[in-house]
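Note sheet for the following structure.
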Protein chains: 2
Amino acid sequence: MSTETTDAFQALADRGRREILMMVAKEKRSINAIAENFDISRPAVSKHIKILQNAGFINIEEKGRERYCVLNQTGFSEVQQWINTFEEYWTAQFRSLENYLASNVPVSKK
Amino acid sequence: MSTETTDAFQALADRGRREILMMVAKEKRSINAIAENFDISRPAVSKHIKILQNAGFINIEEKGRERYCVLNQTGFSEVQQWINTFEEYWTAQFRSLENYLASNVPVSKK
DNA sequence: GATTTACGTAACCTAAAAGTTACGCATTAT
DNA sequence: ATAATGCGTAACTTTTAGGTTACGTAAATC
């Protein structure tokens, strides 16, 4: 795990990390609280957290010796933006389907 | 590259694969046509295509000995759905910000 | 019908991701 | 002051991802 990853998609590639995000979405959690819900060791979780943080999916709220994870919209937006890039393609597809239907499929008349 | 990958996020983890999707979004392309635009070998591209296909991002249109790649919305929708899962979280965040502002921040009066 | 083209696939190698244990270091509790 | 807790990190091992070359095969070209 090269924890310096900054790529949002790379960060989401791991199932465990996606589960972590879903857990944190339900409620703010400390590193240990997260680790308790996984089979992997705490240090492993710790690394995942760092990756998610660097990719902009979570923020850390330090409270004494505990570190709470909360969602950060940055990473999600990045992915959303990329998905939106293809919006144009789908609407074009849709329009050409419309054209096809308009010119080729007989409309039932009353 | 275990080409049996069916995971959408896993498929998007690779930069090259994301580029392939963007290329294909511009226009339908054969495997070789795609490979020409990359530094990697054709067999490598071939594997990437298979991964993208299995993950539901592209469909193959066979035309004689050529195989054309076209986008498939399935994979994109899967990712979109996952992103939408967190929608609830952000709106809750927004509402609590609203509440905070309403109760704590003095409104400038005229 | 021989050759070239457009692929897929198997076998293999390398590098990076993901995991572990074993520490160390603050912070909190006793 | 001492012990216990909540982490991060370094060093190491295993697994997987991504790449290659070397084939084979079916369709197009000559």
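Remember, predicted model here, so these are calculated numbers, not experimental data. Throughout, protein chains are lettered first and strands after them, A, B, ... in sequence-line order, and every chain is numbered starting at 1. Any value given below was found using the heavy atoms of this structure, including those in side chains, with hydrogens, waters and symmetry copies removed.
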Short side-chain N/O contact to D:dT16 OP1/OP2 from B:Gln10, under 4.0 Å: no
Single hit among A:Val24, A:Asn54, A:Ile20 for side chain to side chain contact (heavy atoms under 4.5 Å, CB included) with A:Ile49: A:Ile20
Interatomic distance, A:Arg29 CZ vs D:dC7 C1' [rounded to whole Å]: 17 Å
Value rounded to 0.5 Å, distance of CZ in B:Phe38 from CE in B:Met23: 5.5 Å
Between C1' of C:dA18 and CZ of A:Arg17, the distance in whole Å: 9 Å
For DNA chain C, the residues among residues 57-65 of chain A that have a non-hydrogen atom under 4.0 Å from it: A:Gly64, A:Arg65
Under-4.0 Å side-chain N/O to phosphate OP1/OP2 contact, A:Asn32 with D:dT5: no
Any A:Ser46 side-chain nitrogen or oxygen under 4.0 Å from OP1 or OP2 of D:dC7: no
Aromatic centroids of A:Phe57 and A:Phe76 separated by under 6.0 Å: yes
Heavy-atom side-chain proximity of A:Leu12 to A:Arg17 below 4.5 angstrom: no
Pairwise 5' ranking along DNA chain C for B:Ala33 and A:Asp14, keeping only the more 5' one: B:Ala33
Closest non-hydrogen atom pair between B:Asn37 and B:Ala33, with its separation: ND2-O, 2.9 Å
Spacing between B:Arg67 atom CZ and D:dT25 atom P, to the nearest angstrom: 17 Å
Atom-to-atom span, CD1 of B:Ile49 to P of C:dT9 - whole angstrom: 13 Å
Nearest-nucleotide pick for B:Ile40, side chain only, options being C:dT9, D:dG19, C:dA18: D:dG19
Partner of A:Phe86 by ring-ring contact (aromatic ring centres under 6.0 Å, His included), out of A:Trp82, A:Tyr89, A:Trp90: A:Trp82
Short side-chain N/O contact from A:His48 to OP1 or OP2 of C:dG19, under 4.0 Å: yes
Atom pair distance, as rounded to whole Å: CD in A:Glu66 and P in C:dC25: 21 Å
Value in whole Å for how far the C1' atom of D:dA17 lies from CZ of A:Phe9: 18 Å
Side chain A:Lys47 and base C:dT20 donor-acceptor under 3.5 Å: yes
Sugar-phosphate, base or nothing in reach of B:Arg15, heavy atoms under 4.0 Å: nothing
Pair A:Asn84-A:Gln80, side-chain donor/acceptor within less than 3.5 Å: yes
Nearest listed nucleotide, side chain of B:Pro43, among D:dT20, D:dC7, C:dC7: D:dT20
Under 4.0 angstrom between B:Ser41 side-chain N/O and D:dT21 OP1 or OP2: no
Nearest-angstrom distance from the residue atom CD1 of B:Ile31 to C1' of C:dT5: 14 Å
Whole-Å distance separating the CZ atom of B:Arg18 from the P atom of D:dA17: 16 Å
Donor-acceptor side-chain pairing of B:Asn32 and B:Ser30 below 3.5 angstrom: no
